[in-house]
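Chain letters run A, B, ... following the sequence lines, proteins first and then strands; every chain starts at 1.
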There are 2 protein chains.
Amino acid sequence: MAKPRNIAPATTADLPADQQVALKLWVTLARAYHAVQQQAVADARRDGFSIGEFAVLELLYHRGPTLLGEIQTRILVSSGGITYLVDRLVDKGLVERRDCPDDRRARYAALTPDGTRAMRRIFPRHAARIAAAMHGLGVRDQRDATRLLKQLGLAAAAASADDSPGAQTGAH
Amino acid sequence: MAKPRNIAPATTADLPADQQVALKLWVTLARAYHAVQQQAVADARRDGFSIGEFAVLELLYHRGPTLLGEIQTRILVSSGGITYLVDRLVDKGLVERRDCPDDRRARYAALTPDGTRAMRRIFPRHAARIAAAMHGLGVRDQRDATRLLKQLGLAAAAASADDSPGAQTGAH
DNA sequence: CGATAGTTCCTCAGAACTGAGATACTGTCA
DNA sequence: TGACAGTATCTCAGTTCTGAGGAACTATCG
């Protein structure tokens with residue numbers, strides 16, 4: 001493992017200390033996210049769903065009929081993405097579109113009876129698998145981590161919103 | 001009284017308390033990750049790179065010439081993905097492949113002089129932007145979050161490795 | 001009203017991958 | 001030595017999205 005140490009460009013070690021801490025957190029956050037996501041992907045795939053499809057099903061299962069635009073902001077996909085995902089679930093017979101009586105531009109997505117049955121079967125195992133993936137932390141640490149990540153996520157989202165004017169605030 | 005024909009829980013609220021905590025952490029983790037990632041995506045795109053391309057550049061900038069397989073496990077892409085990413089960076093003139101003298105199957109990727117110059121220019125601004133995205137937490141909280149996420153990520157990765165035998169990465 | 005700005009969803013070209021299989025090489029063992 | 005399992009990368013068809021643009025509808029305001 002020879003390390004050519006003669007040149008000293010602007011690497012991480014030359015950054016201000018606070019930036020080093022932030023970058024380390026970013027790398028660790030990304031790794032933790034990917035590791036848990038692998039579990040979610042494997043679980044969804046067992047039932048023939050992509051992560052995006054599963055996220056839509058889960059949202060509709062918990063919230064009931066939901067406007068496409070709201071699904072979009074909640075599961076964080078693009079406008080084309082939500083059309084694509086709902087199309088696929090409609091093809092599978094698990095979701096249906098419904099017109100919105102108050103606004104003829106808007107449409108709801110809702111679980112069909114088949115979709116509800118499928119989620120009733122699938123969801124408990126999915127929840128157990130995610131919980132197992134989180135098992136590296138005890139309940140107390142999980143709460144601490146949730147609090148910190150919530151604070152982090154809200155601040156970062158606010159920073160994003162600054163760049164792209166037109167994006168709505170979300171939650172205050 | 002309701003007749004519990006189905007033992008399976010209908011919604012999150014019916015799950016065991018520890019699973020509720022775990023799912024909440026998962027949702028919060030995903031949101032925080034996406035929020036910060038949006039910053040990284042926007043920053044990389046400003047220079048004409050995808051996130052994957054930028055991750056390769058960053059890795060090579062800090063580690064020097066690296067075997068493709070090692071890049072693959074570090075930035076978490078598929079085998080086809082790493083070939084694709086390196087191809088694109090080679091086309092841009094920022095990266096070159098080098099044969100490995102010890103193993104004729106293996107190849108290194110390394111920054112070209114152009115690639116090094118580009119990263120010397122780009123990286124400090126990128127680090128500053130990530131640090132700004134993390135600004136919702138103070139340095140002490142960032143360290144706490146890093147510790148918790150590291151613990152979480154390692155345990156979740158170990159759980160993944162159990163499912164898919166043959167994937168021996170990480171904890172040496 | 002009518003113009004116009006804003007929104008909600010859909011279309012579609014193509015970006016950014018994934019993953020199974022192919023190719024080429026290495027290490028092990030009888 | 002030869003058979004064979006293991007490893008590193010590449011190929012390529014297919015998947016899952018992104019985002020610019022457009023059609024249809026709604027809201028606002030002179």
Visitor: Among residues 87-104 of chain B, which contact DNA chain C at a heavy-atom distance under 4.0 Å?
Guide: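 B:R88, B:D103, B:R104 - these, ordered by number, are the residues of the stretch whose heavy atoms sit under 4.0 Å from the strand.
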
Visitor: Going by side chain to side chain contact (heavy atoms under 4.5 Å, CB included), A:D47 matches just one of A:H126, A:R125, A:E53. Which one?
Guide: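 Option passing the side chain to side chain contact (heavy atoms under 4.5 Å, CB included) with A:D47: A:R125.
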
Visitor: Would you confirm whether A:Q72, through its side chain, and A:I82, through its main-chain N or O, come within 3.5 Å as a donor-acceptor pair?
Guide: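 No, A:Q72 side chain to A:I82 backbone: no donor-acceptor pair under 3.5 Å.
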
Visitor: Walk me through it: do A:L85 and A:I71 pass the test side chain to side chain contact (heavy atoms under 4.5 Å, CB included)?
Guide: CA-CA 11 Å; A:L85 288 172; A:I71 302 176; over 6 Å; no

Visitor: Answer yes or no: is there an ion pair linking B:R147 with A:D144, defined by an N-O contact shorter than 4.0 Å?
Guide: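 No salt bridge links B:R147 with A:D144.
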
Visitor: What's the closest nucleotide to the A:A106 side chain, out of D:dC10, C:dC9, C:dC17?
Guide: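 Nucleotide nearest to A:A106's side chain: C:dC9.
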
Visitor: Which listed nucleotide (C:dA16, D:dG19, D:dT15) is nearest to the side chain of A:Y84?
Guide: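 It is D:dT15.
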
Visitor: Using a cut-off of 4.0 Å on non-hydrogen atoms, how would the nucleic acid contact of B:G81 be classed: base, sugar-phosphate, or nothing?
Guide: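 Counting heavy atoms under 4.0 Å across all strands, the contact made by B:G81 includes a base.
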
Visitor: I need the CG-P distance between A:L85 and D:dT16, as an integer number of Å.
Guide: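 In whole Å, D:dT16 P lies 9 Å from A:L85 CG.
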
Visitor: Identify which nucleotide among D:dT18, C:dT11, D:dT9 has an atom closest to any side-chain atom of A:V77, counting heavy atoms from C-beta outward.
Guide: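 Comparing D:dT18, C:dT11, D:dT9 against the side chain of A:V77, the answer is D:dT18.
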
Visitor: For A:I71 and C:dT8, give me the distance from atom CD1 to atom P, rounded to whole Å.
Guide: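 Atom-to-atom, A:I71 to C:dT8, this comes out as 14 Å.
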
Visitor: Expressed in angstrom and rounded to an integer, what is the separation of A:L76 atom CG from D:dC17 atom C1'?
Guide: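 From A:L76 CG to D:dC17 C1': 14 Å.
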
Visitor: Do the charged groups of B:D91 and B:R88 touch, with an N to O distance under 4.0 Å?
Guide: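 Salt bridge between B:D91 and B:R88, a charged N being under 4.0 Å from a carboxylate O: no.
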
Visitor: Begin with the C-alpha distance, continue with both residues' side-chain angles, and end with the deciding distance and a verdict on side chain to side chain contact (heavy atoms under 4.5 Å, CB included) for A:F49 and A:L94.
Guide: CA-CA 11 Å; A:F49 300 123; A:L94 303 177; 3.5 Å; yes

Visitor: Hey, are B:D87 and B:R97 close enough for a salt bridge, meaning a charged N less than 4.0 Å from a carboxylate O?
Guide: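 Answer for the salt bridge query: yes.
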
Visitor: Atom pairs, N/O to N/O, protein against nucleotides 1-4 of chain D, distance under 3.5 Å?
Guide:
none

Visitor: Checking B:R143 now: which residues fulfil salt bridge (charged side-chain N to carboxylate O under 4.0 Å, His left out) with it, not counting sequence neighbours?
Guide: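 With neighbours one apart ignored, the set is empty.
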
Visitor: Given the rule that I, L, V, M, F, W and Y join up when any side-chain heavy atoms are under 4.5 Å apart, are B:V56 and B:I51 in one cluster?
Guide: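 No.
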
Visitor: Test side chain to side chain contact (heavy atoms under 4.5 Å, CB included) on B:Y108 and B:L68; report intermediate values, then the result.
Guide: CA-CA 6 Å; B:Y108 288 99; B:L68 293 189; over 6 Å; no

Visitor: Estimate the overall bend of the helix from C:dC1-D:dG30 to C:dA30-D:dT1 from the end axes over five pairs each, rounded to 10 degrees.
Guide: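 About 20° separates the two local helix axes.
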
Visitor: Looking only at N and O atoms, is any donor in the side chain of B:R105 or the base of D:dT7 less than 3.5 Å from an acceptor on the other one?
Guide: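 It does, because a donor-acceptor pair links the side chain of B:R105 to the base of D:dT7 below 3.5 Å.
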
Visitor: How close or far is atom C1' of C:dT7 from atom CG of A:L68, stated in whole angstroms?
Guide: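 Spelled out: CG on A:L68 to C1' on C:dT7 is 13 Å.
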
Visitor: Check each residue of residues 45-57 of chain A for a non-hydrogen atom within less than 4.0 Å of any atom in DNA chain C, then write out the ones that pass by number, or none.
Guide: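 Residues of residues 45-57 of chain A under 4.0 Å from DNA chain C: A:R45.
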
Visitor: What is the distance, rounded to the nearest whole Å, between atom CD of B:Q72 and atom C1' of C:dC17?
Guide: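 In whole Å, C:dC17 C1' lies 13 Å from B:Q72 CD.
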
Visitor: Salt bridge check, B:R104 against B:D99: does any charged N sit closer than 4.0 Å to a carboxylate O?
Guide: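 A salt bridge is absent here (no side-chain N lies under 4.0 Å from a carboxylate O).
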
Visitor: Could you go through residues 18-29 of chain B and list every donor-acceptor pair under 3.5 Å that involves a side-chain atom there, pairing it with any protein atom two or more places apart or in another chain?
Guide:
{"unit_1": "B:Q20", "atom_1": "NE2", "unit_2": "B:A13", "atom_2": "O", "d": "3.3"}
{"unit_1": "B:Q20", "atom_1": "NE2", "unit_2": "B:L15", "atom_2": "O", "d": "3.0"}
{"unit_1": "B:T28", "atom_1": "OG1", "unit_2": "B:K24", "atom_2": "O", "d": "2.7"}

Visitor: Looking at every heavy atom in both A:D103 and A:R105, which two are closest together, and how far apart are they?
Guide: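 Looking at all heavy atoms of both residues, the closest pair is OD2-NH2, 2.7 Å.
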
Visitor: For B:E96 and B:T112, indicate whether the former's side chain and the latter's backbone hold a donor-acceptor pair under 3.5 Å.
Guide: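 Here the side-chain-to-backbone pair does not exist.
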
Visitor: When the distance from CG of A:L67 to C1' of D:dC25 is rounded to whole Å, what number comes out?
Guide: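 Whole-Å distance recorded here is 14 Å.
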
Visitor: With nearest nucleotides of DNA chain C determined for A:Y108 and B:G80 from heavy-atom distances, which residue corresponds to the more 5′ nucleotide?
Guide: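 Result: A:Y108.
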
